[in-house]
Asks: 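One structure coming up, written as structure tokens, with questions to follow.
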Amino acid sequence: MPIGSSVELTDAPDALVRARQRAVLMPDLLVDAQRIVSTVIAGWHGRRRRGIGEDFWQFRPFVEGEQVSRIDWRRSARDDHVYLRDREWEAAHTVWLWADPSPSMRYQSTQAPVSKESRALVLVLALAELLSRSGERIGYPGVIEPIAARNAAERLAAALMNDRPEHRFAPDDRLRRFSEIVIVSDCLDPLDDILAFVDKVGRRGIRGHLVMIADPAEETFPYAGRTEFRDPEGGGRLTAGRAETLRQEYTELYQARREILADHCRRLGWSFVPHRTDRLASEALVALHTRLSGMTQSAGHRS
């Protein structure tokens, strides 16, 4: 039995069929995401707070010494109390989400219950659900503009069913200073390209969170004997007569890539979360929420 499999490159008509099949799975991924959120959300609070934004947040009783200009006279006229109209703080309040759509993300070994692509989409939708419950704005570059709504996860899932960009990296033309971006990727693109993208976004004052998602076979390299390796993106093939002889060198290179990414993110003030698809998705969600909430500044947390 093969260790793993992935979807082959196909012509345009077949690619359309595959996209439709993926769209059919989106409702199931959304349900899975909502289930995960329900298991970890107890006792958590969002970052929503009073501030200088434009959107309404709440009414609250007037306290002597506060600005009279902020009194909402219409609300106050309803009873014998005077109320202020609070607005919502907007600084660092928009969170962009991105799940890498690269062909390599479709890989799934026999050691994993789901593909990297499925886990990435579940994490993105779960985070959208969690952040929307906390009053945050969430967006997906090229798919949906930032919205603050209780049903943001459902709206994102519906948008992704109809239109999912095929860019390797998130389009950055809509990203603004003081916003945040969460990128879920296997980080198997050329290392220089990944670092260049992170630098480009980070220099614009955008705080990032990089989730490096991996199939367990990609970490442990369990192959032995004559094995053919295929590149899911370029179509190249490599046949190893004794694959086990490559294990040590491969694992050293893979770990070095992870350490370089973690160190680079740390120096930029980004967070870095490794996650394997044979682990619970809730582990990565907790790690991400912790970093988004500013509870810890550590990087390279093992998920």
Asks: Taking all atoms of both residues into account, what is the closest heavy-atom pair of R150 and S132, and its distance?
Replies: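 Closest approach of R150 to S132: O-OG, 3.7 Å.
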Asks: Is the shortest heavy-atom distance from the side chain of M26 to the side chain of L30 under 4.5 Å?
Replies: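 Result no, sub-4.5 Å side-chain heavy-atom pair not found.
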Asks: Looking only at side chains, do Q34 and E154 share a donor and an acceptor under 3.5 Å apart?
Replies: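 Looking only at side-chain atoms, E154 and Q34 do form a donor-acceptor pair, the distance falling under 3.5 Å.
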Asks: Does the T227 side chain pair with the main chain of G225, one donor and one acceptor, at a distance under 3.5 Å?
Replies: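 Confirmed, T227 side chain pairs with G225 backbone.
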Asks: Can you list the residues that meet the side-chain hydrogen bond (donor to acceptor under 3.5 Å, both in side chains) rule with D193, with sequence neighbours excluded?
Replies: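 Scan of D193 (side-chain hydrogen bond (donor to acceptor under 3.5 Å, both in side chains), adjacent residues dropped) gives none.
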Asks: Once you round to the nearest 0.5 Å, how far does CG of L261 lie from CE of M212?
Replies: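 Result: 6.0 Å between the selected atoms.
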Asks: Where do R291 and A287 come nearest, in terms of heavy atoms and distance?
Replies: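 That closest heavy-atom pairing would be NH1-O, 3.0 Å.
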Asks: As an exercise, state the distance from CZ of R168 to CG of D100, rounded to the nearest 0.5 Å.
Replies: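 It is 8.0 Å, given to the nearest 0.5 Å.
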Asks: What residues form a side-chain contact (heavy atoms from CB on, under 4.5 Å) with R267, not counting sequence neighbours?
Replies: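 Listed in chain order: D263, H264.
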Asks: CG/L292 to CG/L127 distance, rounded to the nearest 0.5 angstrom?
Replies: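 Separation between the atoms: 5.5 Å.
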Asks: Quick one: does any side-chain atom of Q111 pair with a main-chain N or O of D278 as donor and acceptor, under 3.5 Å?
Replies: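 No, the answer is negative, given that no donor and acceptor are paired below the 3.5 Å cut-off.
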Asks: State, yes or no, whether a side-chain contact exists between I206 and R176 at a heavy-atom distance under 4.5 Å.
Replies: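 A side-chain contact under 4.5 Å is absent here.
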Asks: Does atom CZ of R242 have more than 12 heavy-atom neighbours from other groups under 6.0 Å away?
Replies: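 No, not enclosed.
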Asks: Quick one: does any side-chain atom of S134 pair with a main-chain N or O of E136 as donor and acceptor, under 3.5 Å?
Replies: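 Judged by distance alone, no pair lies under 3.5 Å.
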Asks: If hydrophobic clusters are built from ILVMFWY residues whose side chains come within less than 4.5 Å, do L191 and L210 share one?
Replies: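 Hydrophobic grouping puts L191 with L210.
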Asks: Do S185 side-chain atoms and C187 backbone N/O form a donor-acceptor pair below 3.5 Å?
Replies: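 It does hold such a pair.
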Asks: Looking at every non-hydrogen atom in both residues, tell me the closest pair between K116 and I213 and how far apart they are.
Replies: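 Minimum heavy-atom separation between K116 and I213: O-CD1, 3.7 Å.
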Asks: Please round to the nearest 0.5 Å and tell me the distance separating atom CG of D32 and atom CG of L125.
Replies: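 Between D32 CG and L125 CG, I get 9.5 Å after rounding to 0.5 Å.
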Asks: Do other residues, nucleotides or ligands put more than 12 heavy atoms under 6.0 Å from the CD atom of E249?
Replies: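 For E249, atom CD is not crowded (no more than 12 foreign heavy atoms under 6.0 Å).
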Asks: Under the side-chain contact (heavy atoms from CB on, under 4.5 Å) rule, what do R35 and V31 come out as? Steps first, then yes or no, please.
Replies: CA-CA 6 Å; R35 177 188 58 79; V31 171; 5.5 Å; no
Asks: Can L195 be reached from W270 by stepping across I, L, V, M, F, W or Y side chains whose heavy atoms are under 4.5 Å apart?
Replies: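 As far as the 4.5 Å side-chain criterion goes, L195 and W270 are connected within one cluster.
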Asks: Is the closest basic N to carboxylate O distance between E117 and R164 below 4.0 Å?
Replies: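 A salt bridge links E117 with R164.
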Asks: Do V198 and I260 sit in one hydrophobic cluster, given that two such residues count as connected whenever their side-chain heavy atoms are within less than 4.5 Å of each other, even indirectly?
Replies: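 Yes: a chain of side-chain contacts under 4.5 Å links V198 to I260.
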Asks: Is there a donor-acceptor pair under 3.5 Å between the side chain of R237 and the backbone N or O of R230?
Replies: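 Such a contact is absent between R237 side chain and R230 backbone.
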Asks: Are the side chains of F169 and I194 in touch, meaning some heavy atoms are under 4.5 Å apart?
Replies: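 F169 vs I194: side chains touch.
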Asks: Side chains of H289 and L130: closer than 4.5 Å at any heavy-atom pair?
Replies: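 The answer is yes; the side chains approach within 4.5 Å.
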Asks: Are any side-chain N or O atoms of R137 and backbone N or O atoms of V95, one a donor and one an acceptor, separated by less than 3.5 Å?
Replies: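 Side chain of R137 to backbone of V95: no pair is present.
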Asks: Side chains of W96 and S179, heavy atoms from C-beta outward: is any pair under 4.5 Å?
Replies: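 In contact.
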Asks: Are F229 and Y250 close enough that their ring centers fall under 6.0 Å?
Replies: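 When the ring centroids of F229 and Y250 are compared, they turn out to be at least 6.0 Å apart.
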Asks: Kindly give the heavy-atom pair with the smallest separation between A120 and A99, and that separation in Å.
Replies: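 That would be CB-CB, 4.1 Å.
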Asks: Enter the distance from T94:OG1 to R174:CZ here, rounded to the nearest 0.5 Å.
Replies: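 Result: 11.0 Å between the selected atoms.
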Asks: Looking at every non-hydrogen atom in both residues, tell me the closest pair between R155 and A149 and how far apart they are.
Replies: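 What the structure gives for the nearest pair is NH1-CB, 3.7 Å.
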Asks: How about I183 and H209: do any of their side-chain heavy atoms sit closer than 4.5 Å?
Replies: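 The answer is no, as the side chains (C-beta and beyond) never meet within the 4.5 Å cut-off.
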Asks: If you measure only the distance, is there a donor-acceptor pair under 3.5 Å linking the side chains of H275 and E283?
Replies: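 Not at all, the side chains of H275 and E283 share no donor-acceptor pair under 3.5 Å.
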Asks: Set out, in order, the CA-CA distance, both residues' side-chain angles and the distance that settles side-chain contact (heavy atoms from CB on, under 4.5 Å) for L238 and E228, then state yes or no.
Replies: CA-CA 6 Å; L238 171 66; E228 180 182 81; over 6 Å; no
Asks: Rounded to the nearest 0.5 Å, what separation is found between the CZ atom of F197 and the CG atom of D192?
Replies: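 Taking CZ in F197 and CG in D192, the distance rounds to 15.5 Å.
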Asks: Is the closest side-chain heavy-atom distance between R258 and E219 below 4.5 Å?
Replies: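 A side-chain contact exists here, since the closest heavy-atom pair is under 4.5 Å.
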Asks: Would you say the rings of Y140 and W98 are close, in the sense that their centroids are separated by under 6.0 Å?
Replies: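 Between Y140 and W98, which both carry aromatic rings, the centre distance is below 6.0 Å.
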Asks: Do side-chain atoms of S102 reach the backbone of M105 as a donor and acceptor pair under 3.5 angstrom?
Replies: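 No, the answer is negative, given that no donor and acceptor are paired below the 3.5 Å cut-off.
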Asks: Under a 4.5 Å cut-off applied to non-hydrogen side-chain atoms, are E218 and Y107 in contact?
Replies: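 With C-beta onward as the side chain, the pair touches.
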Asks: So which heavy atom on V124 is nearest to which on L97, and how close?
Replies: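 For V124 versus L97, the nearest heavy atoms are O-CD1, 3.5 Å.
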Asks: Any donor-acceptor pair under 3.5 Å linking the side chain of S118 with the backbone of V114?
Replies: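 No, S118 side chain to V114 backbone: no donor-acceptor pair under 3.5 Å.
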